[in-house]
Amino acid sequence: MNTLLLSAADPETPELAAEILRRGGLVAIPTETVYGLGADGLNPAAVAKIFEAKGRPGDNPLILHITGAEQLELYCHDIPPAAYTLAERFWPGPLTMVLPAKSCVPKRTTGGLSTVAMRCPRSLITRQIIGLTGSPIAAPSANLSGKPSTTTAQHVLHDHDGKIDAVVDGGPCSVGVESTIVDLTEERPRLLRPGGVTPEALLEVLGDLVIDKAVTAQIDRDAVVKAPGMKYRHYAPQEPVVIVSGSRERAAAYIRAHFVPGDRVLCFEEELPLYGGCNPLAYGREADVSTLSAGLFSALRILDDPAVHKVYARCPVGGGVAYAVQNRLKKAAAFHIIDPEVEP
Ligand code: AMP
Ligand code: MG
């Protein structure tokens with residue numbers, strides 16, 4: 001198959017992409033979070049192709065992308081008022097809500113669950129494509145399963161060239177980590193995955209928020225969890241990643257003492273001068289966390305190289321978007337964190 005590279009700047013792209021989706025094909029779409037691998041979310045045969053292309057476990061559900069909150073009732077029932085309040089505040093944007101699914105949503109899309117994850121992305125061209133398709137677009141991140149997510153059209157081609165119908169190139173993703181997921185199907189709202197919409201902002205609107213244990217700890221493969229995607233090793237390059245916590249100077253002293261040729265250091269731009277001779281790669285500026293979230297997956301992809309033995313990574317501290325960056329880096333490191341004060 002020849003994978004078409006469609007430019008978001010080309011006025012014919014929305015209709016071309018929608019036409020492919022209407023006939024059951026796969027189109028990678030740009031969003032503010034990461035590139036998604038899209039199919040008609042109401043067509044089980046089309047959705048099955050997403051799982052096949054990614055090598056994704058069948059119990060790992062997809063997110064349905066819609067054009068706005070007015071479409072929620074087409075695919076969900078018993079929608080609490082909080083869903084509309086959140087949509088009003090954060091849509092279009094990097095927030096996904098889990099709600100009870102109507103029977104028109106195929107089990108193939110929900111991974112067999114009776115709930116469905118809904119999002120309205122910020123990208124205008126992607127919303128145009130959804131509208132022209134006339135169906136919600138089911139899309140997980142467009143990476144091969146287990147690999148770092150895709151934040152450029154080139155990442156998508158790297159993983160899927162020749163295996164999907166088209167990629168819409170909308171440039172690099174601005175947020176760079178996958179959407180925040182909040183479950184609204186229980187008595188209390190529950191954060192299933194941190195992202196660009198911060199826990200603090202959610203709490204301000206909802207007045208209550210439970211942090212799911214899958215956000216803060218490694219989950220067993222056999223465990224029953226609310227967000228099935230959270231139990232799989234994620235976002236990870238092939239070699240071990242270890243987070244080194246603590247102050248700049250202590251972390252650098254630890255890493256420099258343990259570094260051997262073939263290792264790499266994933267750090268903040270401000271720290272580059274501390275790692276001369278250690279082959280450092282900066283993924284953004286510590287002083288501006290949005291550059292870290294935007295740059296993380298590109299950096300993890302560069303480090304996903306058989307020549308690299310081990311990666312020592314530096315992780316931002318604190319809440320807000322840093323919380324999402326911590327979550328993705330900890331998952332890439334399978335929660336392996338070294339504190340140089342404890343383990344000199
Ligand atoms: P991805 O966009 O690749 O991160 O995949 C979407 C993620 O959304 C999955 O890994 C799930 O963890 C989560 N998700 C999708 N649908 C549901 C649902 N019905 N309930 C809980 N989590 C969901
Ligand atoms: Mg994913």
Side-chain angles (χ1 to χ4, degrees), residues 26 28-39 41 47 50-51 53-66 72 75-79 83 94-103 105-121 123 126 136-151 155-156 159-160 173 175-186 189-197 210 212-215 219 221 223-236 293 296-297 300-301 324 327-328 331-332:
L26 295 185
I29 47 172
T31 81
E32 73 279 30
T33 59
V34 301
Y35 275 73
L37 186 55
V47 168
I50 297 178
F51 286 87
K54 282 182 58 97
R56 184 177 177 96
D59 70 347
N60 193 353
L62 310 180
I63 294 171
L64 275 189
H65 294 76
I66 55 176
L72 278 176
Y75 313 112
C76 307
H77 64 87
D78 292 308
I79 304 168
L95 177 69
T96 297
M97 299 187 239
V98 174
L99 294 163
K102 280 192 169 168
S103 59
V105 182
K107 288 286 186 213
R108 203 79 189 77
T109 299
T110 66
L113 299 173
S114 59
T115 56
V116 62
M118 305 296 301
R119 180 162 106 83
C120 175
S123 159
T126 290
I137 297 184
S141 53
N143 52 288
L144 290 170
S145 222
K147 288 293 175 190
S149 294
T150 38
T151 55
H155 293 162
V156 180
D159 285 14
H160 296 294
C173 302
V175 176
V177 292
E178 304 85 342
S179 57
T180 303
I181 304 180
V182 63
D183 180 11
L184 298 176
T185 64
E186 290 184 345
R190 178 180 290 266
L191 181 72
L192 301 183
R193 177 170 78 185
V197 171
V210 179
D212 196 77
K213 64 178 189 301
V215 173
I219 299 297
R221 251 191 114 83
V224 176
V225 287
K226 284 299 266 176
M230 300 299 273
K231 70 185 175 192
Y232 297 106
R233 185 165 183 254
H234 246 110
Y235 322 119
S293 72
L296 178 64
F297 285 127
L300 288 176
R301 281 184 168 259
N327 172 264
R328 302 309 191 276
K331 285 185 171 289

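Remember, it's 1-based here, ligands and their atoms both numbered in the order they're listed. The structure displayed is predicted, hence computed values, not measured ones.
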(message) Give me the atom names and distance for the closest heavy-atom approach of Leu62 to Val47.
(response) CD1-CG1, 3.6 Å
(message) Which heavy atom of Pro57 sits nearest to which heavy atom of Ser145, and what is that distance?
(response) CD-OG, 3.7 Å
(message) Just verifying a value: how many Å separate Asn143 CG and Ser149 OG, rounded to the nearest 0.5 Å?
(response) 4.5 Å
(message) Taking 4.0 Å as the limit for heavy-atom contacts, which would you say applies to Thr110 with ligand 1: side chain only, backbone only, both, or neither?
(response) neither
(request) May I ask you to identify, for Ile181, whether its side chain, its backbone, both or neither come under 4.0 Å of ligand 1 on a heavy-atom basis? (result) side chain
(message) So, applying side chain to side chain contact (heavy atoms under 4.5 Å, CB included) with Cys76, which one of Val116, Val98, Leu64, Thr115 is it?
(response) Val116
(message) Going by the closest heavy atom to atom 10 (O) of ligand 1, which one wins out of Thr31, Thr33, Asn60, Ile63?
(response) Asn60
(request) Pick whichever of Arg119, Arg56, Arg190, Met97 has a heavy atom sitting closest to atom 6 (C) of ligand 1. (result) Arg56
Give the atom numbers and elements of ligand 1 that come within less than 4.0 Å of a heavy atom of [X].
X	value
Thr115	18 (C), 19 (N), 20 (N)
Leu113	18 (C), 19 (N), 20 (N)
Leu62	15 (C), 16 (N)
Arg193	1 (P), 4 (O), 7 (C)

(request) Take every heavy atom of Val98, measure it against each atom of ligand 1, and state whether any distance is under 4.0 Å. (result) yes
(request) Mind running side chain to side chain donor-acceptor pair (under 3.5 Å) on Arg119 and Thr33 for me, showing each step along the way? (result) CA-CA 11 Å; Arg119 180 162 106 83; Thr33 59; 3.2 Å; yes
(request) Taking both backbone and side-chain atoms into account, decide whether Ser141 has an N/O/S atom under 2.8 Å from the Mg ion (ligand 2). (result) yes
(message) Going by the rule side chain to side chain donor-acceptor pair (under 3.5 Å), which residues pair with Thr126 if we only count those two or more places apart in sequence or in a different chain?
(response) Ser123
(message) Please enumerate all residues that pass side-chain contact (heavy atoms from CB on, under 4.5 Å) together with Cys173, with sequence neighbours excluded.
(response) Tyr35, Thr151
